[in-house]
Amino acid sequence: MLRRREFLIVAPVVLLAGRAFAQSVDKIDVIASFSIIADLVKQVGGDRVQVTALVGENSDAHVYQPRPSDVARIGKAKLVVINGLGFENWADRLVRSAKFKGEGLVASRGVKALRVRNAIDPHAWQDPENVKIYVANIRDALIKVDASGASTYQANAAAYLAEIDKLDKEIKAAWADIPKEQRRVITSHDAFTYYADAYDVLFFSPQGVSTESEPSARDVAALVRQIKKENIKAVFIENMSSRRLIDSIASETGAKIGGTLYSDALGGDVKTWLDMMRHNTRLLTSSLK
Ligand code: ZN
């Protein structure tokens, strides 16, 4: 008799556990083109979404070669989120070959694109004001594919937008005591036009807005002359680019290597977009003082 009573008590617990398992399986499957977009989707989607980044940590999305497994992953997704502005030129073909029938989002939609050396800079996520637009776009797309989560997505987005405003104030405060003429930075490629515009910093690089092509010897020589003439003190490596070029520029000019900036991918201790913005700001302002 005692056994039967025990069974009666245990049975509802098993049923509840079964239901919790079913919910975790039913998460909204989202594919993000690269790690920074994946983080923004996680911030807004929270526990309701399962996000996969096609281009992983410390990897270069400009030159990514999609794999057959990516086609299969996209085929199962409810939502695919890319940056746009010409950042992932491989994404269109990939989505087409997956015969993707779900919702697609260009997260940068509505952002004012900036140009550098006559090319559109796709790295719009380097300005917090733009990321607020990304977050609103992601929130609306998640509501479209999962209407029953609307209140969760709205609450998560509102809390995250407040965090972004806080970050923006922090970055402005960090730059406040650095004189304008010292705000000059060398990086591998033109990935910081939006950060430069938002916080009044000048960035120079030997490579253009993409890492697809090697800079010419003439461009590198011009940059070396500029560093010497303007007495620029620090050059920076990027976490997803080769450091070879920056090493040679440092040795030719005597500028010191200021450290590693995160431009196009998260990685290591830099686990989120907020981490990335804080890391870059701390590194830049401490090196330029
Ligand atoms: Zn880039």
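For ligands, and for the atoms within them, numbers begin at 1 and follow the listed sequence.
No donor-acceptor pair under 3.5 Å is formed between the side chain of W125 and the backbone N or O of S108. The backbone N or O of D70 lies less than 3.5 Å from no partner atom in the side chain of R67, so there is not a single donor-acceptor pair. Of the possible polar contacts, none joining the R48 side chain to the T152 backbone as a donor-acceptor pair under 3.5 Å is found.
In summary, an N, O or S atom of D264 is located under 2.8 Å from the Zn ion (ligand 1).
Applying the ring pair (Phe, Tyr, Trp, His ring centres under 6.0 Å) test between H123 and each of Y195, F203, F87, Y194 identifies F87 as the sole match.
With the Zn ion (ligand 1) at the apex, H123 NE2 and H62 NE2 define an angle of roughly 110° (rounded to 10 degrees).
Sorting the N, O or S atoms of H189 by how far they are from the Zn ion (ligand 1) puts NE2 first.
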